[in-house]
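Proteins get letters first, then strands, A, B, ... in listed order; numbering begins at 1 in each.
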Amino acid sequence: MKEFGCFPDNVTYNTILGFFCKKGRLKEAGNLLQDMKEKGLMPNRYTFNILVSGYCKVGWLKEARKVIDLMVQNDVLPDIWTYNMLINGLCGEGRIEEAVKLKDEMENSKVLPDVVTYNTLIDGYFKHGSSEEGFRLVEEMREKGMELNSVTNNILVKWYCKEGKMDEASERVRMMEESGFPPDKVTYNTLINGYCKAGKLREAFEMMDLMGRKGFKMDTITLNTILHTLCKEKKLKEASELLSSASNRGYLLDEVSYGTLLAGYFKDGMADKALQLWSEMRKKEIIPSIITYNTIIGGLCQLGKTEQAISKFKELLRNGLVPDATTYNTIIHVYCKEGKVEKAFELHNKMVEKSLKPDVFTCNILLSGLCSDGMLEKALKLFNTWISEGKAIDQVTYNTMISGLCKEGRLEDAFHLVSEMKERSLGSDHYTYSSILGALASAGRMNEAEEFMSKMVEVENFREQSLQLKEQNVKTSEITEAYDPDSNVCSEQIIELCNQGRYKDAMRIFEASNQKGVTLNKSTYIVLMEGLIKRRKRLSKAVQ
DNA sequence: CTAGGGTTAG
């Protein structure tokens, strides 16, 4: 009896443990493990592996390694699952080199890498920008006589989609049809998402049709893809209708479905709808993941409801969820916005304490916080430390520093960063332009402003950018941007003056708005810059 | 108990 009672208990525990780990609810997982030990049940290979997977999922790799040590102590050797999960964890952190090293280590031990190992690494390389290495591993698989399975192919399809190479993606799918691994549900969902992201909605719907004809029923992920696309197109009403009709027609909705619409509402300034949806979701007992919590916290922060945001943060901790980098970044951001830079840094330290690595976002937020709080020197120091430590920085990092320097009138330093940016092949954009332009205008150096513009335009693909922004502007202008009246009035005036060819006057308004610290619409900068270029051409013609 | 599709932040 005892023996019989014991065995199913262990399995039961493992199953529930797996459920909690999958959902990122580590606190509950920990409690359960404790409970298990108290009942005198020994963790087995499954138990250990479940824990490794749980820790890897939330990025606690050190803890995952500790579990592995514990395994060895208990005479349970790590198996192919353990290795693959750890490799996946490393890839998720962008630590591909270490992951590959682990694969080599496996080869030396008796656990040989399998197709899962390769797929994990290939996807890791694709996700972190080294597609050549990814393809090299595909070659290595072939050399070893390993067959590419549908997961491998789906990884490739996804990569082509991400690169916007939809023709090559379809070609890959055609190859799959001839192989032993025909396209599956994931393949179709990947393609549908690819077409949606590329703005080719007609093709996306054709693909949904094809998916159905191939006998695959639309699932939650297909629905969520469409929901996301509708939200992106600002068709919130349609999205909301889809959500309720899908639910009525028996489709399963999950926390991602709700999270998607929630984010859509917040982005579109419909905060009350968002909050309403949140309580609707809670009523349906759909448990939000860390990402959904991030959405609501971000939304509340945007509304200036910091207290409520913090209370949601505490709530997620109580629910046993593990905050991720985004969670910390969001709260660090709101502290910076409120001028509580010290509190922001405290949280940054907490982040490090929890072995979460501050990323580009964290850096950018802190830099902008320091700059707008009049601590430019500190910002510069942080910026330089970040660079000397070889950490990743991006366009936004440079733009933040350039803007900070420009606001203090340190134009020469700003110019220096603009060229440094180019050296790192990070392109300038309208943020860069507007900072420099604004500083030059404030200093009354109009001629240089124009000169700077035409110089930039020669190098960057400015025209394309401006076309893109104009397109975006058509969409956003359909919805009233009511949140900043100052910004709208100034923007309209500037655009109107530019249309009349009165660029000098436009610059004057620009200068004034700049001094007041008013942020203009993206498109205003573009219109103004184009105007300045036209004027410059006109002047140079006149001289000739 | 591991790999591939959908959600978040500057």
Side-chain angles (χ1 to χ4, degrees), chain A residues 14-15 17-19 21-22 44-54 56-57 79-89 91 114-124 126-127 149-159 161 184-194 196-197 219-229 231 254-264 266-267 288-299 301-302 324-334 336-337 359-369 394-397 399-400 431:
Chain A
N14 283 342
T15 312
L17 205 60
F19 173 79
C21 284
K22 209 173 241 159
N44 58 16
R45 183 188 297 279
Y46 287 97
T47 324
F48 285 124
N49 278 341
I50 291 165
L51 288 172
V52 171
S53 117
C56 284
K57 277 217 171 76
D79 59 2
I80 182 83
W81 299 77
T82 326
Y83 275 110
N84 284 342
M85 288 183 297
L86 198 56
I87 285 177
N88 189 36
C91 286
D114 64 358
V115 63
V116 176
T117 321
Y118 274 95
N119 286 344
T120 309
L121 286 169
I122 292 167
D123 192 47
F126 281 151
K127 268 187 193 142
N149 66 10
S150 40
V151 176
T152 328
N153 278 305
N154 287 336
I155 291 168
L156 289 169
V157 171
K158 191 194 178 184
W159 186 75
C161 286
D184 58 13
K185 212 173 224 188
V186 177
T187 323
Y188 287 109
N189 278 333
T190 309
L191 280 172
I192 291 168
N193 188 42
C196 282
K197 290 257 157 77
D219 64 4
T220 312
I221 293 193
T222 327
L223 259 169
N224 290 345
T225 306
I226 305 295
L227 269 175
H228 185 233
T229 309
C231 288
D254 62 5
E255 131 273 345
V256 178
S257 325
Y258 281 90
T260 305
L261 190 55
L262 197 73
F266 274 127
K267 274 205 186 113
S289 71
I290 186 64
I291 296 184
T292 316
Y293 265 106
N294 288 343
T295 309
I296 188 112
I297 290 173
C301 286
Q302 244 176 23
D324 62 7
T326 307
T327 326
Y328 281 104
N329 286 343
T330 308
I331 297 183
I332 291 175
H333 186 215
V334 74
C336 281
K337 253 192 350 206
D359 55 11
V360 203
F361 286 96
T362 326
C363 174
N364 294 345
I365 296 163
L366 288 173
L367 286 179
S368 110
D394 63 5
Q395 194 185 40
V396 181
T397 323
N399 282 342
T400 309
Y431 287 108

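- Remark: H333(A) is not in phosphate contact with dA9(B), judged by side-chain N or O atoms under 4.0 Å from OP1 or OP2.
- In this structure, N14(A) atom CG and dC1(B) atom P are separated by 9 Å, rounded to whole Å.
- Among the protein residues, D254(A) comes within range of the nucleic acid bases, having at least one heavy atom under 4.0 Å from a base atom.
- Of the candidate nucleotides dT8(B), dA3(B), dC1(B), dC1(B) has the atom lying nearest to any side-chain atom of I50(A).
- Residue-level contact check: I291(A) touches the bases, meaning some heavy atom is under 4.0 Å from a base atom.
- Across all strands shown, N364(A) has heavy atoms under 4.0 Å from base atoms, whether or not it also approaches the sugar-phosphate.
- At a threshold of 4.0 angstrom between heavy atoms, the contacts of N329(A) include nucleobase atoms, whether or not backbone atoms are also involved.
- As judged by a 4.0 angstrom heavy-atom cut-off over every strand, K337(A) is placed among residues making no nucleic acid contact.
- In this structure, of dA3(B), dT8(B), dC1(B), it is dA3(B) that holds the atom nearest to the side chain of N88(A).
- Counting any heavy atom pair closer than 4.0 Å across all strands shown, D114(A) reaches no nucleic acid atom.
- Look at OH on Y46(A): it is 8 Å from P on dC1(B), rounded to the nearest Å.
- Taking the side chain as every heavy atom from C-beta outward, S257(A) and T220(A) approach each other to under 4.5 Å.
- The interatomic distance linking L51(A) (CG) with dT2(B) (P) rounds to 13 Å, in whole Å.
- In this structure, D359(A) has no salt bridge (Lys or Arg N to Asp or Glu O under 4.0 Å) partners at least two apart in sequence or on a different chain.
- No donor-acceptor contact under 3.5 angstrom links the side chains of N329(A) and T326(A), judged on distance only.
- Going from atom OH of Y118(A) over to atom C1' of dT2(B) covers 16 Å, rounded to whole Å.
- Contact annotation for N149(A): base contact, defined as any heavy-atom pair under 4.0 Å involving a base atom.
- Applying the salt bridge (Lys or Arg N to Asp or Glu O under 4.0 Å) criterion to K127(A), with sequence neighbours excluded, gives D123(A).
- Here the nucleotide nearest the side chain of K197(A), chosen from dT7(B), dA9(B), dC1(B), is dT7(B).
- Note on T326(A): a base of the nucleic acid sits closer than 4.0 angstrom, heavy atoms only.
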